[in-house]
*Asks:* 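Dumping the structure here so I can ask a few things about it.
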Protein chains: 2
Amino acid sequence: MPVTLKEVAERAGVSRSAVSRTFTDGASVSDKMRRKVEKAARDLGYSPNALASSLTTGRTKLIGLISNNFHNPIFLEVFDLFTRALQDRGLRPLLVNLSDETDPQASVRMLRQYSVDGAVVASSTLPPGFSKAFRDAGVPVVHSFGRYSSTPQVHVVGIDNVECGRMAARTLVARGYRKIAFLGGPESATSTQDRYSGFFSELGAHRGLTTSYSFADAYSFDAGRREMLRLLRAAPAEAYFCGDDVLSIGALSAIADSGLSVPEDIGIIGLNDMEMARWENINLTTIHQPIRQIVTSSIELMVAMLDEPDRYPEARIFPCSIVERGTLRPLC
Amino acid sequence: MPVTLKEVAERAGVSRSAVSRTFTDGASVSDKMRRKVEKAARDLGYSPNALASSLTTGRTKLIGLISNNFHNPIFLEVFDLFTRALQDRGLRPLLVNLSDETDPQASVRMLRQYSVDGAVVASSTLPPGFSKAFRDAGVPVVHSFGRYSSTPQVHVVGIDNVECGRMAARTLVARGYRKIAFLGGPESATSTQDRYSGFFSELGAHRGLTTSYSFADAYSFDAGRREMLRLLRAAPAEAYFCGDDVLSIGALSAIADSGLSVPEDIGIIGLNDMEMARWENINLTTIHQPIRQIVTSSIELMVAMLDEPDRYPEARIFPCSIVERGTLRPLC
DNA sequence: CGATTTTTTGCAACCGGTTGCAAAAAGAGG
DNA sequence: CCTCTTTTTGCAACCGGTTGCAAAAAATCG
């Protein structure tokens, strides 16, 4: 039983439009009127119904925030950054957990029912087709951490995973590793595929290497640990490029359990540069992904699209860099 | 430019009410009519505007999900569980990040503007007064992980933190530790206060102990690490009850860096039993907090309140239990 | 088959706001 | 003080749905 505009109008003895105008900025109201209305509103504890007004204005300030990764701590930081950035701009995140459901249409329908002004897909695993479905449905969308393409069909903000794969390969080769392996995230993830292809295309340019690969079934500590435990039972490689930092840290845990040590017995390079990577007892050599910039840029793009829905799709790709710590042997 | 009910009505050649009724379950529509309308709707790609209907029905199916902890990985799991549970029931989480803002009124106002059907406060740090503000504003609220009280003013679902403190104290004393300390989370957090008071009230019942305490400034790895590093520079205690598992793990990292070992030199007991706690290279002795049950129960309560907003407030407290692993010395 | 009951349908008002338009009020200028 | 502008205000229609009510249609029954 919240207070309505009509009640405020009656108490202030003015028309409903007058009340509406005092709460719409840019509308023409005299100071006298404004004071009268504000007084009445305060007395009654009125605050306008955002949803009702969205009916006529066509904007809800609701933004769908869609993710399918609720196991990788990096995403807690991502959620933190996204929600703050949205809130700072008066936008509201409607969170969608895609963990099981993966059909874009269901999400699109749901978000349209709630008339979201836009949608942010925050996932390094979903294919471009997923976010495309939003665009097709007329929902402004930006795909954060999505697959890089020189001809993107939707706005993409992220990194060039192929290049990261190459960078990892160059780094391992430079350290003199000859038996080199890729321990990827889920095989179906676009980020896994791209890192894989960059990694092996670069390795292919070098001779005398023994290479192999396998995939963890999720971007999570446990999956990395399990997969590394499995690898250790066979003959492990000299160095691994792990799909990301959580996989790396899971792998490190597995290696420690087996009595082997890093970097003496096995080298590890990760990707993300999450907070934990710099703990002294982890001290992970990794590729830094500029998460804050990606989030900030995604939101800027989203905001721009609110005014200009048909904005030409662009890819914003941020450079990554190697962070040298202690899980690879020194340069020879 | 989404399709509206009116357009569907015109295409099907029926009244708008007919269309509305086919999409409202429990409404009386003949099969013939239903088929006609559904056909037209399908042709046009219509789906009803949830916000418009909320105007008359008074329900948005929007639930505010409020948290101020975006640094503790345990909360990623909490978000995962909450969002799934809500989605399974056709409810939508509107995420509120309280990291900076801490005045309840601002959140209350915002969530009322969006006419949420209810609010879940997921925080072990916010005081009961925070959630009370929602109740006072007529917004059904449940405080998950909130402070236990025998006379709760709002629905509270969680654990008895005082009892957990006692449990930790009993465990440490039983292992023969005499120099015992509390490494709490933020001092202002209700969970910290309760764990502290339970811990020391139990210790007080034993003689010959040396006790001390300090607080980390957040429930995060880094804060735990920093605080333990500080403690190690002075004379550390024999055993620590850490505010929660992330603090424990941060502390373990600090201890490892200092060349000391666990449990030989220092004992640690945590609280939460997060996934990482059972990694073999961490192997943290801790107190298990039944997160899934807390979340499930919170949502059940929320759903019940949607039908019965004035339901008498209750506290649902779940028992915790010690999980013995390797960070305390064996029982003597 | 007609009368009676039950089901289905459409009308019109309403939910809580916004907004184009014209009338009313205020200000400017002579 | 009277015009002419400019600003402020209210009316009424509209946004996309829902719902009570009464009329129309269908079903039941003797």
*Asks:* Note the angle between the end axes of the helix from dC1(C)-dG30(D) to dG30(C)-dC1(D), five pairs defining each, rounded to 10 degrees.
*Replies:*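 That helix has its two terminal axes inclined by roughly 30°.
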*Asks:* Near DNA chain D, which residues from residues 42-52 of chain A have a heavy atom under 4.0 Å away?
*Replies:*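 The answer is none.
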*Asks:* Does the side chain of S123(A) come under 3.5 Å of the side chain of N68(A) through a donor N or O and an acceptor N or O?
*Replies:*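 S123(A) vs N68(A): donor-acceptor pair found between side chains.
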*Asks:* Going by heavy atoms closer than 4.0 Å, what residues in residues 27-38 of chain B are next to DNA chain D?
*Replies:*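 Within residues 27-38 of chain B, no residue comes under 4.0 Å of DNA chain D.
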*Asks:* Would you mind telling me which residue lines up with the more 5' stretch of DNA chain C, T24(A) or V14(B), judged by nearest nucleotide?
*Replies:* V14(B)
*Asks:* Using side chain to side chain contact (heavy atoms under 4.5 Å, CB included) as the criterion, point out the one residue from S17(A), P48(A), S53(A), S20(A) that pairs with L5(A).
*Replies:*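 Considering S17(A), P48(A), S53(A), S20(A), a side chain to side chain contact (heavy atoms under 4.5 Å, CB included) with L5(A) is found only for S20(A).
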*Asks:* Does E10(B) have any salt bridge (Lys or Arg N to Asp or Glu O under 4.0 Å) partners at least two apart in sequence or in another chain, and if so, which?
*Replies:* none
*Asks:* Map G13(B) and L55(B) onto DNA chain C by nearest heavy atom, then report which one ends up closer to the 5' terminus.
*Replies:* G13(B)
*Asks:* Looking at every heavy atom in both A189(A) and S124(A), which two are closest together, and how far apart are they?
*Replies:*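 Between these two residues, the closest heavy atoms are CB-O, 4.2 Å.
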*Asks:* For the pair D80(A) and R84(A), find out whether any cationic side-chain nitrogen is under 4.0 Å from an anionic carboxylate oxygen.
*Replies:* yes
*Asks:* Mind checking whether F75(B) and Y219(B) have ring centres under 6.0 Å apart?
*Replies:*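 Centroid separation for F75(B) and Y219(B): 6.0 Å or greater.
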*Asks:* Using a heavy-atom cut-off of 4.0 Å across all strands, would you classify T4(B) as base, sugar-phosphate, or nothing?
*Replies:* sugar-phosphate
*Asks:* Among side-chain atoms of S54(B) and T60(B), is any donor-acceptor pair under 3.5 angstrom?
*Replies:* no
*Asks:* Tell me whether the centres of the aromatic rings in F70(B) and F79(B) are closer together than 6.0 Å.
*Replies:* yes
*Asks:* If you draw a 6.0 Å radius around CZ in R292(B), do more than 12 non-hydrogen atoms from other residues or ligands fall strictly inside?
*Replies:* no
*Asks:* Any base atoms under 4.0 Å from S53(A), or only sugar-phosphate, or nothing? Heavy atoms, all strands.
*Replies:* sugar-phosphate
*Asks:* Between R35(B) and E38(B), does the salt bridge (Lys or Arg N to Asp or Glu O under 4.0 Å) criterion hold? Intermediate values first, please.
*Replies:* CA-CA 5 Å; R35(B) 270 192 298 278; E38(B) 277 173 349; over 6 Å; no
*Asks:* Could you tell me the separation between the OG atom of S30(B) and the CZ atom of R21(B), rounded to the nearest 0.5 Å?
*Replies:*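 If I round to the nearest 0.5 Å, the distance is 11.0 Å.
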*Asks:* Among residues at least two apart in sequence or on other chains, which ones pass side-chain contact (heavy atoms from CB on, under 4.5 Å) with K61(B)?
*Replies:*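 Partners of K61(B) under the side-chain contact (heavy atoms from CB on, under 4.5 Å) test: Y114(A), L91(B), D117(B).
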*Asks:* Using 4.0 Å as the upper bound for N to carboxylate O, is an ion pair formed by K132(B) and D136(B)?
*Replies:* yes
*Asks:* Taking any atom closer than 4.0 angstrom to a non-hydrogen atom of chain A, what span of DNA chain D does the protein reach, first nucleotide to last?
*Replies:*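 Endpoints of the contacted stretch of DNA chain D: dT8(D) to dG16(D).
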